[in-house]
Amino acid sequence: MILNNTPRDIIFRITLKFLESDISLKLIIDYYTCKKNNFTKRDISFINNVSKGIIRFKSVLDYNIFKHSKQKTIDNKTLSLLYLGLYQIIYCDSIPNYASVNTTIELAKIKSKKSKSFINAILRKNDKNFLKIDSNSSYDKLKKISFGYRKWQVNKLTKDYGIDKTRQFLIQNLNIPKIWIRINTLKTTKENIEEILITNKIDYKVDKFLEYFLLIEKFDRKNIIKKLIEKGLIYIQNPSSGHVVNILDIKPKMSVLDACSAPGGKASLISQITKNNVELTCIDNNESRLLTLKNNLSKMNCKNISFINCDSSTFSSEKLYDIILIDAPCSSFGTVKKNPDIKWRLTEKKLKNNIETQFKILNNLKKYVKINGYLIYSTCSIFNDENENNIIKFLNENGNFNLSKDYKIPSNFKTDLGAMKIFPIDNEYEGMFASRLKRYD
Ligand SMILES: C[S@@+](CC[C@H](N)C(=O)[O-])C[C@H]1O[C@@H](n2cnc3c(N)ncnc32)[C@H](O)[C@@H]1O
(Lines give C-alpha, C1' and ligand atoms only; values in the text may rest on other atoms or scores of the structure.)
Protein backbone atom coordinates (compact mmCIF):
# COMPACT_ATOMS: atom_id res chain seq x y z
CA MET A 1 0.00 0.00 0.00
CA ILE A 2 1.43 3.36 -1.03
CA LEU A 3 1.19 5.97 1.68
CA ASN A 4 1.35 9.72 1.41
CA ASN A 5 4.79 11.28 1.48
CA THR A 6 6.65 8.46 -0.18
CA PRO A 7 9.17 9.61 -2.81
CA ARG A 8 6.76 8.68 -5.64
CA ASP A 9 3.93 10.59 -4.00
CA ILE A 10 6.23 13.59 -3.70
CA ILE A 11 7.20 13.34 -7.39
CA PHE A 12 3.49 13.22 -8.26
CA ARG A 13 2.89 16.36 -6.16
CA ILE A 14 5.90 18.17 -7.61
CA THR A 15 4.74 17.43 -11.16
CA LEU A 16 1.18 18.49 -10.39
CA LYS A 17 2.37 21.73 -8.79
CA PHE A 18 4.57 22.38 -11.80
CA LEU A 19 1.64 21.87 -14.20
CA GLU A 20 -0.66 24.10 -12.17
CA SER A 21 1.63 27.00 -11.27
CA ASP A 22 4.35 29.19 -12.66
CA ILE A 23 6.86 28.34 -9.94
CA SER A 24 10.33 27.16 -10.94
CA LEU A 25 10.87 23.41 -10.72
CA LYS A 26 13.87 23.92 -8.44
CA LEU A 27 11.81 25.87 -5.90
CA ILE A 28 9.06 23.25 -5.99
CA ILE A 29 11.54 20.40 -5.48
CA ASP A 30 13.30 22.32 -2.67
CA TYR A 31 9.95 22.90 -0.96
CA TYR A 32 8.90 19.25 -1.06
CA THR A 33 12.28 17.83 -0.09
CA CYS A 34 13.03 20.22 2.76
CA LYS A 35 14.45 18.84 5.99
CA LYS A 36 11.15 18.50 7.82
CA ASN A 37 10.06 15.75 5.45
CA ASN A 38 12.95 13.60 6.66
CA PHE A 39 13.85 11.99 3.37
CA THR A 40 17.08 10.07 3.05
CA LYS A 41 19.67 11.50 0.64
CA ARG A 42 18.93 8.57 -1.66
CA ASP A 43 15.21 9.44 -1.70
CA ILE A 44 16.02 13.09 -2.44
CA SER A 45 18.26 12.06 -5.29
CA PHE A 46 15.47 9.82 -6.72
CA ILE A 47 12.92 12.62 -6.37
CA ASN A 48 15.25 15.11 -8.05
CA ASN A 49 16.21 12.84 -10.93
CA VAL A 50 12.71 11.64 -11.77
CA SER A 51 11.05 15.06 -11.36
CA LYS A 52 13.63 16.75 -13.59
CA GLY A 53 13.54 13.82 -16.03
CA ILE A 54 9.76 14.12 -16.35
CA ILE A 55 10.03 17.80 -17.24
CA ARG A 56 13.06 17.25 -19.51
CA PHE A 57 11.22 14.56 -21.48
CA LYS A 58 7.68 15.85 -21.03
CA SER A 59 7.15 16.17 -24.76
CA VAL A 60 8.24 12.54 -25.27
CA LEU A 61 5.87 11.42 -22.50
CA ASP A 62 3.04 13.50 -23.99
CA TYR A 63 3.68 11.97 -27.40
CA ASN A 64 3.41 8.45 -25.98
CA ILE A 65 0.38 9.17 -23.83
CA PHE A 66 -1.68 10.86 -26.54
CA LYS A 67 -0.68 8.26 -29.13
CA HIS A 68 -2.31 5.57 -26.98
CA SER A 69 -5.20 7.61 -25.62
CA LYS A 70 -8.60 8.23 -27.16
CA GLN A 71 -9.01 11.26 -24.89
CA LYS A 72 -7.82 14.53 -26.42
CA THR A 73 -7.48 16.27 -23.05
CA ILE A 74 -6.37 14.77 -19.78
CA ASP A 75 -6.66 16.44 -16.38
CA ASN A 76 -3.45 17.41 -14.58
CA LYS A 77 -3.73 14.83 -11.78
CA THR A 78 -4.08 11.99 -14.24
CA LEU A 79 -1.29 13.41 -16.40
CA SER A 80 1.05 13.68 -13.41
CA LEU A 81 0.42 10.04 -12.53
CA LEU A 82 0.95 8.98 -16.13
CA TYR A 83 4.21 10.95 -16.34
CA LEU A 84 5.40 9.30 -13.12
CA GLY A 85 4.72 5.77 -14.36
CA LEU A 86 5.75 6.28 -17.96
CA TYR A 87 8.99 8.09 -17.20
CA GLN A 88 10.13 5.16 -15.07
CA ILE A 89 9.12 2.63 -17.74
CA ILE A 90 10.92 4.45 -20.54
CA TYR A 91 13.91 5.99 -18.80
CA CYS A 92 14.63 4.17 -15.51
CA ASP A 93 16.24 0.93 -16.65
CA SER A 94 16.96 -0.23 -13.12
CA ILE A 95 13.26 -0.25 -12.15
CA PRO A 96 11.29 -3.28 -13.44
CA ASN A 97 8.24 -2.23 -15.48
CA TYR A 98 5.80 -4.09 -13.23
CA ALA A 99 7.08 -2.06 -10.25
CA SER A 100 6.64 1.23 -12.13
CA VAL A 101 3.11 0.26 -13.14
CA ASN A 102 2.01 -1.18 -9.79
CA THR A 103 3.32 1.67 -7.65
CA THR A 104 1.64 4.20 -9.94
CA ILE A 105 -1.69 2.38 -9.86
CA GLU A 106 -1.55 2.16 -6.05
CA LEU A 107 -0.96 5.90 -5.94
CA ALA A 108 -3.76 6.51 -8.45
CA LYS A 109 -6.18 4.73 -6.09
CA ILE A 110 -5.57 7.53 -3.57
CA LYS A 111 -5.00 10.50 -5.85
CA SER A 112 -7.36 9.99 -8.76
CA LYS A 113 -9.55 6.93 -8.34
CA LYS A 114 -11.65 7.65 -11.42
CA SER A 115 -8.64 7.53 -13.76
CA LYS A 116 -7.15 4.33 -12.35
CA SER A 117 -8.30 2.10 -15.25
CA PHE A 118 -7.29 4.65 -17.87
CA ILE A 119 -3.79 4.98 -16.35
CA ASN A 120 -3.56 1.20 -16.07
CA ALA A 121 -4.48 0.76 -19.73
CA ILE A 122 -1.85 3.23 -20.96
CA LEU A 123 0.96 2.01 -18.72
CA ARG A 124 0.35 -1.64 -19.54
CA LYS A 125 0.94 -1.18 -23.26
CA ASN A 126 3.90 -3.24 -24.26
CA ASP A 127 6.86 -0.97 -23.56
CA LYS A 128 8.17 -1.64 -27.09
CA ASN A 129 5.26 0.51 -28.25
CA PHE A 130 6.68 3.53 -26.47
CA LEU A 131 8.90 5.94 -28.33
CA LYS A 132 12.13 6.54 -26.42
CA ILE A 133 14.07 9.61 -27.35
CA ASP A 134 17.37 10.91 -26.17
CA SER A 135 20.20 12.93 -27.65
CA ASN A 136 21.46 9.86 -29.57
CA SER A 137 18.18 9.44 -31.47
CA SER A 138 18.12 10.11 -35.19
CA TYR A 139 16.86 13.52 -36.22
CA ASP A 140 13.85 11.92 -37.96
CA LYS A 141 12.84 10.37 -34.67
CA LEU A 142 13.57 13.57 -32.81
CA LYS A 143 11.31 15.52 -35.14
CA LYS A 144 8.33 13.55 -33.81
CA ILE A 145 8.51 15.53 -30.61
CA SER A 146 8.63 19.28 -30.40
CA PHE A 147 11.44 19.11 -27.79
CA GLY A 148 9.04 21.00 -25.57
CA TYR A 149 10.19 24.44 -26.74
CA ARG A 150 7.72 27.13 -27.73
CA LYS A 151 7.74 27.91 -31.40
CA TRP A 152 8.78 31.52 -30.78
CA GLN A 153 11.77 30.32 -28.73
CA VAL A 154 13.01 28.10 -31.56
CA ASN A 155 12.41 30.87 -34.11
CA LYS A 156 14.35 33.31 -31.98
CA LEU A 157 17.26 30.90 -31.56
CA THR A 158 17.25 30.21 -35.30
CA LYS A 159 17.34 33.94 -36.03
CA ASP A 160 20.29 34.38 -33.65
CA TYR A 161 22.28 31.24 -34.52
CA GLY A 162 20.96 29.60 -37.70
CA ILE A 163 19.29 26.23 -38.09
CA ASP A 164 22.24 23.90 -37.51
CA LYS A 165 23.40 25.41 -34.25
CA THR A 166 19.82 25.65 -33.00
CA ARG A 167 19.25 21.99 -33.80
CA GLN A 168 22.39 21.00 -31.93
CA PHE A 169 21.25 23.09 -28.98
CA LEU A 170 17.85 21.34 -28.84
CA ILE A 171 19.41 17.90 -29.05
CA GLN A 172 22.24 18.49 -26.56
CA ASN A 173 19.83 19.81 -23.98
CA LEU A 174 18.11 16.42 -23.80
CA ASN A 175 21.20 15.17 -21.96
CA ILE A 176 21.46 15.17 -18.21
CA PRO A 177 24.18 17.65 -17.30
CA LYS A 178 27.27 16.57 -15.44
CA ILE A 179 28.24 18.41 -12.30
CA TRP A 180 30.93 21.05 -12.03
CA ILE A 181 32.48 21.90 -8.71
CA ARG A 182 34.81 24.75 -7.84
CA ILE A 183 37.42 24.19 -5.16
CA ASN A 184 37.24 26.94 -2.55
CA THR A 185 40.88 27.76 -1.90
CA LEU A 186 39.87 30.09 0.95
CA LYS A 187 39.24 26.93 2.96
CA THR A 188 41.11 24.07 1.39
CA THR A 189 43.63 23.19 -1.32
CA LYS A 190 43.25 21.62 -4.72
CA GLU A 191 45.52 18.75 -3.58
CA ASN A 192 43.31 18.07 -0.57
CA ILE A 193 40.11 17.87 -2.63
CA GLU A 194 41.73 15.75 -5.33
CA GLU A 195 42.98 13.34 -2.68
CA ILE A 196 39.45 13.03 -1.21
CA LEU A 197 38.00 12.35 -4.67
CA ILE A 198 40.65 9.78 -5.54
CA THR A 199 40.38 8.00 -2.17
CA ASN A 200 36.61 7.74 -2.65
CA LYS A 201 36.94 6.61 -6.28
CA ILE A 202 35.08 9.62 -7.62
CA ASP A 203 36.17 10.23 -11.21
CA TYR A 204 36.79 13.82 -12.13
CA LYS A 205 38.31 15.93 -14.85
CA VAL A 206 40.01 19.28 -14.36
CA ASP A 207 38.70 22.02 -16.65
CA LYS A 208 41.17 22.77 -19.43
CA PHE A 209 41.13 26.52 -18.79
CA LEU A 210 40.31 27.03 -15.13
CA GLU A 211 42.29 24.81 -12.79
CA TYR A 212 39.97 25.04 -9.77
CA PHE A 213 36.95 23.76 -11.66
CA LEU A 214 36.43 19.99 -11.74
CA LEU A 215 33.85 17.99 -13.70
CA ILE A 216 32.30 14.97 -12.03
CA GLU A 217 29.80 12.54 -13.53
CA LYS A 218 27.18 12.59 -10.79
CA PHE A 219 26.70 12.79 -7.05
CA ASP A 220 28.30 9.79 -5.32
CA ARG A 221 26.34 7.36 -3.18
CA LYS A 222 28.34 8.13 -0.04
CA ASN A 223 27.47 11.81 -0.40
CA ILE A 224 31.10 12.88 -0.25
CA ILE A 225 30.44 15.74 -2.67
CA LYS A 226 27.42 16.95 -0.74
CA LYS A 227 29.40 16.91 2.52
CA LEU A 228 32.20 18.95 0.92
CA ILE A 229 29.59 21.48 -0.22
CA GLU A 230 28.05 21.65 3.25
CA LYS A 231 31.48 22.40 4.72
CA GLY A 232 32.08 25.19 2.18
CA LEU A 233 35.14 23.43 0.75
CA ILE A 234 33.65 23.29 -2.73
CA TYR A 235 30.83 25.08 -4.54
CA ILE A 236 28.67 23.82 -7.38
CA GLN A 237 29.54 26.18 -10.22
CA ASN A 238 29.92 25.99 -13.96
CA PRO A 239 33.23 27.27 -15.38
CA SER A 240 31.25 29.67 -17.57
CA SER A 241 30.81 31.75 -14.40
CA GLY A 242 34.53 31.48 -13.75
CA HIS A 243 35.24 33.07 -17.12
CA VAL A 244 32.95 35.99 -16.27
CA VAL A 245 34.83 36.62 -13.03
CA ASN A 246 38.16 36.46 -14.90
CA ILE A 247 36.95 39.24 -17.17
CA LEU A 248 36.56 41.51 -14.13
CA ASP A 249 40.38 41.46 -13.80
CA ILE A 250 40.23 42.58 -10.19
CA LYS A 251 43.35 43.94 -8.50
CA PRO A 252 43.89 43.88 -4.70
CA LYS A 253 42.05 46.51 -2.67
CA MET A 254 39.70 47.49 -5.48
CA SER A 255 36.10 48.38 -4.68
CA VAL A 256 33.65 46.04 -6.37
CA LEU A 257 29.87 46.20 -6.50
CA ASP A 258 28.15 42.90 -7.30
CA ALA A 259 24.71 44.24 -8.19
CA CYS A 260 22.69 41.02 -8.59
CA SER A 261 24.58 38.82 -6.26
CA ALA A 262 22.57 35.94 -4.80
CA PRO A 263 23.24 33.09 -4.27
CA GLY A 264 26.85 34.24 -4.39
CA GLY A 265 28.62 32.06 -6.95
CA LYS A 266 30.52 34.92 -8.54
CA ALA A 267 30.87 36.91 -5.29
CA SER A 268 32.56 33.98 -3.55
CA LEU A 269 34.87 33.48 -6.51
CA ILE A 270 35.79 37.17 -6.38
CA SER A 271 36.71 36.73 -2.70
CA GLN A 272 38.66 33.56 -3.52
CA ILE A 273 40.67 35.03 -6.38
CA THR A 274 41.59 38.13 -4.37
CA LYS A 275 42.15 36.18 -1.14
CA ASN A 276 39.57 38.46 0.50
CA ASN A 277 41.72 41.47 -0.35
CA VAL A 278 38.90 43.38 -2.01
CA GLU A 279 36.18 45.67 -0.80
CA LEU A 280 33.07 43.85 -1.97
CA THR A 281 29.47 45.09 -1.78
CA CYS A 282 26.73 42.62 -2.65
CA ILE A 283 23.22 43.70 -3.62
CA ASP A 284 20.14 41.61 -4.19
CA ASN A 285 16.52 42.72 -4.22
CA ASN A 286 15.23 39.39 -2.92
CA GLU A 287 15.50 39.22 0.86
CA SER A 288 15.47 35.46 1.21
CA ARG A 289 18.01 35.02 -1.59
CA LEU A 290 20.17 37.64 0.13
CA LEU A 291 20.06 35.51 3.28
CA THR A 292 21.17 32.45 1.30
CA LEU A 293 23.98 34.57 -0.16
CA LYS A 294 25.14 35.66 3.31
CA ASN A 295 25.10 32.06 4.55
CA ASN A 296 26.98 30.79 1.51
CA LEU A 297 29.67 33.45 1.75
CA SER A 298 30.14 33.00 5.48
CA LYS A 299 30.38 29.19 5.07
CA MET A 300 33.06 29.71 2.45
CA ASN A 301 35.19 32.10 4.59
CA CYS A 302 34.58 35.12 2.35
CA LYS A 303 35.34 38.35 4.22
CA ASN A 304 35.22 42.19 3.84
CA ILE A 305 31.74 42.11 2.36
CA SER A 306 28.80 44.39 2.91
CA PHE A 307 25.29 43.43 1.91
CA ILE A 308 22.45 45.60 0.70
CA ASN A 309 18.89 44.48 0.13
CA CYS A 310 17.66 46.83 -2.60
CA ASP A 311 16.70 47.18 -6.22
CA SER A 312 19.76 47.80 -8.40
CA SER A 313 17.71 49.75 -10.90
CA THR A 314 17.02 52.43 -8.27
CA PHE A 315 20.07 51.97 -5.97
CA SER A 316 21.88 55.20 -5.18
CA SER A 317 25.24 55.81 -3.59
CA GLU A 318 27.72 58.56 -2.74
CA LYS A 319 30.48 56.17 -3.51
CA LEU A 320 31.90 55.21 -6.93
CA TYR A 321 33.30 51.74 -7.62
CA ASP A 322 36.32 50.46 -9.55
CA ILE A 323 34.24 47.60 -10.89
CA ILE A 324 30.51 46.99 -11.07
CA LEU A 325 29.29 43.52 -12.01
CA ILE A 326 25.72 43.25 -13.26
CA ASP A 327 24.98 39.53 -13.43
CA ALA A 328 21.51 40.40 -14.57
CA PRO A 329 18.24 38.56 -13.99
CA CYS A 330 17.51 36.85 -17.30
CA SER A 331 15.69 34.00 -19.01
CA SER A 332 18.56 31.63 -18.04
CA PHE A 333 18.12 30.03 -21.44
CA GLY A 334 21.77 28.99 -21.47
CA THR A 335 21.05 26.65 -18.57
CA VAL A 336 18.11 24.71 -20.03
CA LYS A 337 20.04 21.45 -19.74
CA LYS A 338 20.22 21.91 -15.96
CA ASN A 339 16.83 23.62 -15.64
CA PRO A 340 14.58 21.89 -18.20
CA ASP A 341 11.51 23.71 -16.91
CA ILE A 342 12.71 27.03 -18.35
CA LYS A 343 11.55 26.16 -21.86
CA TRP A 344 8.02 25.48 -20.59
CA ARG A 345 7.83 28.58 -18.41
CA LEU A 346 9.44 31.33 -20.47
CA THR A 347 6.89 33.52 -22.24
CA GLU A 348 7.59 36.34 -24.67
CA LYS A 349 6.20 38.78 -22.13
CA LYS A 350 8.60 37.58 -19.42
CA LEU A 351 11.50 37.90 -21.84
CA LYS A 352 10.47 41.46 -22.67
CA ASN A 353 10.25 42.31 -18.95
CA ASN A 354 13.73 40.86 -18.39
CA ILE A 355 15.18 42.98 -21.16
CA GLU A 356 13.59 46.11 -19.69
CA THR A 357 14.89 45.36 -16.18
CA GLN A 358 18.37 44.59 -17.50
CA PHE A 359 18.50 47.91 -19.30
CA LYS A 360 17.16 49.83 -16.30
CA ILE A 361 19.86 48.32 -14.06
CA LEU A 362 22.59 49.14 -16.60
CA ASN A 363 21.33 52.69 -16.96
CA ASN A 364 21.21 53.28 -13.22
CA LEU A 365 24.51 51.72 -12.22
CA LYS A 366 26.55 53.43 -14.95
CA LYS A 367 26.54 56.50 -12.65
CA TYR A 368 28.49 54.69 -9.94
CA VAL A 369 31.46 53.48 -11.99
CA LYS A 370 34.69 55.43 -11.42
CA ILE A 371 36.25 57.10 -14.44
CA ASN A 372 38.52 54.46 -16.01
CA GLY A 373 36.55 51.85 -14.08
CA TYR A 374 34.55 48.98 -15.58
CA LEU A 375 30.95 47.93 -15.82
CA ILE A 376 30.65 44.21 -16.53
CA TYR A 377 27.32 43.02 -17.81
CA SER A 378 26.62 39.28 -17.88
CA THR A 379 23.71 36.90 -18.27
CA CYS A 380 23.27 33.14 -18.52
CA SER A 381 20.96 33.70 -21.47
CA ILE A 382 21.88 33.00 -25.08
CA PHE A 383 19.27 35.29 -26.67
CA ASN A 384 20.92 38.26 -28.41
CA ASP A 385 18.15 40.54 -27.17
CA GLU A 386 19.22 40.00 -23.56
CA ASN A 387 22.88 40.30 -24.45
CA GLU A 388 24.65 42.10 -27.30
CA ASN A 389 21.51 43.99 -28.35
CA ASN A 390 21.23 45.50 -24.87
CA ILE A 391 24.91 46.42 -24.95
CA ILE A 392 24.79 47.96 -28.42
CA LYS A 393 21.83 50.08 -27.36
CA PHE A 394 23.62 51.10 -24.15
CA LEU A 395 26.80 52.11 -26.02
CA ASN A 396 24.79 54.11 -28.55
CA GLU A 397 23.17 56.05 -25.73
CA ASN A 398 26.28 56.44 -23.55
CA GLY A 399 29.24 57.92 -25.40
CA ASN A 400 31.38 57.90 -22.23
CA PHE A 401 31.50 54.07 -22.26
CA ASN A 402 33.41 51.85 -24.68
CA LEU A 403 33.53 48.11 -25.08
CA SER A 404 36.84 46.99 -23.62
CA LYS A 405 38.36 44.02 -25.42
CA ASP A 406 41.70 43.67 -23.66
CA TYR A 407 40.94 40.71 -21.40
CA LYS A 408 41.93 37.10 -21.72
CA ILE A 409 39.39 34.39 -22.51
CA PRO A 410 39.63 31.36 -24.81
CA SER A 411 39.46 32.72 -28.37
CA ASN A 412 36.38 30.67 -29.35
CA PHE A 413 34.40 32.43 -26.62
CA LYS A 414 35.08 35.91 -28.03
CA THR A 415 32.45 37.43 -30.31
CA ASP A 416 33.08 39.75 -33.26
CA LEU A 417 31.80 42.57 -31.09
CA GLY A 418 34.50 41.79 -28.51
CA ALA A 419 32.21 40.34 -25.88
CA MET A 420 32.33 36.83 -24.40
CA LYS A 421 29.72 34.33 -25.45
CA ILE A 422 29.64 30.66 -24.55
CA PHE A 423 27.17 28.62 -26.55
CA PRO A 424 26.24 25.46 -24.68
CA ILE A 425 26.97 22.76 -27.22
CA ASP A 426 29.77 20.22 -27.51
CA ASN A 427 30.99 20.83 -24.01
CA GLU A 428 29.66 20.75 -20.49
CA TYR A 429 29.67 24.54 -20.28
CA GLU A 430 26.49 26.47 -19.64
CA GLY A 431 25.51 29.30 -21.95
CA MET A 432 26.88 32.64 -20.80
CA PHE A 433 27.38 36.14 -22.11
CA ALA A 434 29.60 38.87 -20.69
CA SER A 435 30.81 42.23 -21.87
CA ARG A 436 33.21 44.66 -20.27
CA LEU A 437 32.44 48.35 -20.61
CA LYS A 438 35.00 51.00 -19.68
CA ARG A 439 33.92 54.41 -18.44
CA TYR A 440 35.94 57.24 -19.96
CA ASP A 441 34.45 60.31 -18.28
C1 LIG B 1 21.43 35.54 -12.29
S2 LIG B 1 21.07 35.70 -10.61
C3 LIG B 1 22.64 36.15 -9.98
C4 LIG B 1 23.57 34.99 -9.76
C5 LIG B 1 24.78 35.40 -8.93
N6 LIG B 1 25.47 36.53 -9.50
C7 LIG B 1 25.74 34.24 -8.79
O8 LIG B 1 26.77 34.21 -9.46
O9 LIG B 1 25.45 33.35 -7.99
C10 LIG B 1 20.23 37.21 -10.56
C11 LIG B 1 19.95 37.74 -9.16
O12 LIG B 1 19.47 39.07 -9.31
C13 LIG B 1 18.48 39.32 -8.36
N14 LIG B 1 17.70 40.45 -8.90
C15 LIG B 1 16.70 40.45 -9.81
N16 LIG B 1 16.28 41.69 -10.09
C17 LIG B 1 17.04 42.53 -9.33
C18 LIG B 1 17.08 43.93 -9.15
N19 LIG B 1 16.26 44.74 -9.82
N20 LIG B 1 17.98 44.44 -8.27
C21 LIG B 1 18.81 43.63 -7.57
N22 LIG B 1 18.81 42.29 -7.70
C23 LIG B 1 17.95 41.75 -8.57
C24 LIG B 1 17.74 38.02 -8.22
O25 LIG B 1 17.12 37.93 -6.97
C26 LIG B 1 18.88 37.01 -8.39
O27 LIG B 1 19.37 36.62 -7.13
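Indexing begins at 1, ligand by ligand and atom by atom, following the structure's order. Numbering of residues begins at 1 and proceeds along the displayed sequence. Everything numeric here is computed off the predicted structure, so don't read it as measured data.
Between Tyr321 and Met254, the closest side-chain pair of non-hydrogen atoms is not below 4.5 Å. Using a 4.5 Å cut-off on side-chain heavy atoms (C-beta onward), Tyr161 and Ile425 make no contact.
Identified under the ring-ring contact (aromatic ring centres under 6.0 Å, His included) test for residues 238-282, with sequence neighbours left out: Phe209-His243, His243-Phe413, His243-Tyr429.
Between Phe423 and Phe169, the angle of the ring planes lies from 30° to 60°, which puts this pair in the tilted group.
In this structure, ligand 1 sits under 4.0 Å from heavy atoms belonging to Ala259, Cys260, Ser261, Ala262, Pro263, Gly264, Gly265, Lys266, Asp284, Asn285, Asn286, Arg289, Cys310, Asp311, Ser312, Asp327, Ala328, Pro329, Ile361.
The environment of NZ in Lys350 is crowded: more than 12 heavy-atom neighbours from other residues, nucleotides or ligands sit within 6.0 Å.
In this structure, Lys414 satisfies the cation-pi test against Tyr407, with its NZ or CZ atom closer than 6.0 Å to the six-membered ring centre and inside 45 degrees of the ring normal.
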